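Working notes for the structure below.
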2 protein chains.
Amino acid sequence: MGRWQPGARERLEQAALDLFLEQGFTETTVPQITARAGLTTRTFFRHFADKREVLFAGEESVPEQVARFMAEAPPSLGPMELITEGLAPAAAEIFEGRSLDYLLRRRAVIDAEPALRERELRKFSLMAEALEQGFRDRGVDDLTAQLAAELAVTTFRIAATRWLNQHGDPDLPATVNQTLAAMRHLTNTLST
Amino acid sequence: MGRWQPGARERLEQAALDLFLEQGFTETTVPQITARAGLTTRTFFRHFADKREVLFAGEESVPEQVARFMAEAPPSLGPMELITEGLAPAAAEIFEGRSLDYLLRRRAVIDAEPALRERELRKFSLMAEALEQGFRDRGVDDLTAQLAAELAVTTFRIAATRWLNQHGDPDLPATVNQTLAAMRHLTNTLST
DNA sequence: CATAGTCATGGCATGTCGTGTCATCACTAT
DNA sequence: ATAGTGATGACACGACATGCCATGACTATG
């Protein structure tokens, strides 16, 4: 018991994902997860704010990634140019390090549970806030910054979904650019 | 006690909103709400699936409104034309019947509580799904339907927020159209 | 080598949420 | 009248989440 369970967090994440796939999210209790990971219930809530968070660990850094990405981009780019050129590489960076299989299993769990879908929406909302702030820092006015941020996140989200639906082929940057092209085509029909 | 507490639902909504404003959402317990409304805790959960839903009653009909609105629009309109012409009146219809004061108080509560912001995001997600289905029913391909739906909902959401920020003046349709104009301007910078 | 300090964990108590179940009462239809 | 319907009351209960304190393992310092 004392200190240190190396990888306790990782074991909890793994046990939780397995159990969610086997039995469903609602049917799985926190004591079941901690029993499989060899820990106690109280410890689970020290690592994760609530039961859902065990599926979203590590995504706290995404807003920072977004902010850094925007700060490093050439200041001369307008918001729409930045999206067109930067969204695909940024998307690749966000998913880097996670296997396609893990992402597919994780999404199966999330899709099956409304409470988890809500949490997923919040993730994208946080991304949009970071993007919006980044645009404002580049001198874009508030309304345009918000619109551009939401446009980018929406495109990213739809592209990521499509990418998983087609099991990773074509790859994510290509899918993002296809989705951007479709968005461009759609909005061009408005410019009359 | 037997049957019938006329307006039980409405009294619960009113008591809940008041208490949330006085003490905050988390600090307010369901027994406190039901005590103020003269009912029991069990009855609360017969009217609302969970504590948050008391703030979202009546919004189940929004997806149906959206579907009807789209079905009634001229079939000749393309997705972007439909948004340009239909979003402002549709937005007006959605908020019709609720006082600006109620909407502002309600938003103050929602903004203060992450769990309620998540629920709000789900509401817009449901709107987008209804819109997407509507576009598909009009013969639009899947990707374009999804993009157009998300674009419309995003514009609506941003416009509604701005409208409340400016306390209702200018009115919602005007604000929607201003927001649409800004979106048009933003995306036009992409059409090179 | 000893001692104090730090930190993840265990264990316990507690409050709130949300649901299942059954009884009861008011009103309605026949 | 009598049976049916539907909202409510009352109770039990499990799961989630948090506060609090104790403990044991590792670390730093003398």
Side-chain angles (χ1 to χ4, degrees), chain A residues 1-58 60 109-110 112-119 122, chain B residues 1-58 60 109-110 112-119 122:
Chain A
M1 338 182 149
R3 185 186 210 174
W4 221 29
Q5 286 281 13
R9 198 186 184 88
E10 289 71 19
R11 283 205 324 270
L12 286 168
E13 289 177 32
Q14 187 63 52
L17 181 58
D18 291 345
L19 284 166
F20 294 163
L21 282 166
E22 292 169 18
Q23 324 178 334
F25 177 81
T26 307
E27 292 69 25
T28 302
T29 66
V30 175
Q32 282 178 337
I33 300 170
T34 53
R36 185 171 291 204
L39 294 169
T40 62
T41 301
R42 190 63 187 87
T43 298
F44 179 93
F45 289 107
R46 285 206 184 84
H47 284 282
F48 308 103
D50 62 66
K51 192 177 158 189
R52 299 179 307 170
E53 290 304 307
V54 71
L55 283 169
F56 294 87
E60 319 83 24
V109 173
I110 291 175
E113 180 63 40
L116 295 173
R117 285 205 297 271
E118 278 192 26
R119 177 60 181 82
R122 188 178 138 225
Chain B
M1 333 175 163
R3 183 185 211 172
W4 216 30
Q5 285 281 12
R9 198 184 184 86
E10 290 70 20
R11 269 185 302 139
L12 285 169
E13 290 177 32
Q14 186 64 51
L17 181 58
D18 290 346
L19 283 166
F20 293 163
L21 282 166
E22 292 170 17
Q23 323 176 329
F25 177 82
T26 306
E27 292 70 26
T28 301
T29 66
V30 175
Q32 282 177 335
I33 299 170
T34 53
R36 185 172 290 203
L39 294 169
T40 63
T41 300
R42 190 65 186 86
T43 298
F44 179 92
F45 289 107
R46 285 205 183 85
H47 284 281
F48 307 102
D50 62 64
K51 192 177 156 189
R52 298 179 307 170
E53 290 304 306
V54 71
L55 283 169
F56 294 86
E60 319 83 24
V109 173
I110 292 174
E113 179 63 40
L116 295 173
R117 285 206 297 270
E118 277 191 27
R119 178 60 181 80
R122 189 179 133 218

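Values in this document were obtained by computation on a predicted structure and should not be read as measured data. Lettering of chains follows the sequences in order, A, B, ..., and the numbering in each one begins at 1. Keep in mind that the numbers below use all heavy atoms, side chains included, and drop hydrogens, waters and symmetry copies.
Side-chain contact between Phe20(B) and Gln23(B) is absent, with no heavy atoms from C-beta onward closer than 4.5 Å. Counting heavy atoms from C-beta on, the side chains of Glu118(A) and Arg119(B) come closer than 4.5 Å. Taking the side chain as every heavy atom from C-beta outward, Leu116(B) and Phe56(B) approach each other to under 4.5 Å.
Taking the side chain to side chain donor-acceptor pair (under 3.5 Å) definition, one finds that Asp18(A) meets it with Gln14(A), Arg105(A), sequence neighbours left out. Taking the side chain to side chain donor-acceptor pair (under 3.5 Å) definition, one finds that Thr29(A) meets it with nothing, sequence neighbours left out. Every residue two or more places apart in sequence or in another chain that forms a side chain to side chain donor-acceptor pair (under 3.5 Å) with Glu22(A) is listed here: Arg36(A). Arg11(A) is linked by a side chain to side chain donor-acceptor pair (under 3.5 Å) to nothing, counting only residues two or more places apart in sequence or in another chain.
Remark: Thr28(A), Thr29(A), Val30(A), Pro31(A), Arg42(A), Phe45(A), Arg46(A), Ala49(A), Asp50(A), Lys51(A) in residues 28-53 of chain A come within less than 4.0 Å of DNA chain D through at least one heavy atom.
In this structure, the helix from dC1(C)-dG30(D) to dT30(C)-dA1(D) shows an angle of 10° between the axis at its start and the axis at its end, each fitted on 5 base pairs and rounded to 10°.
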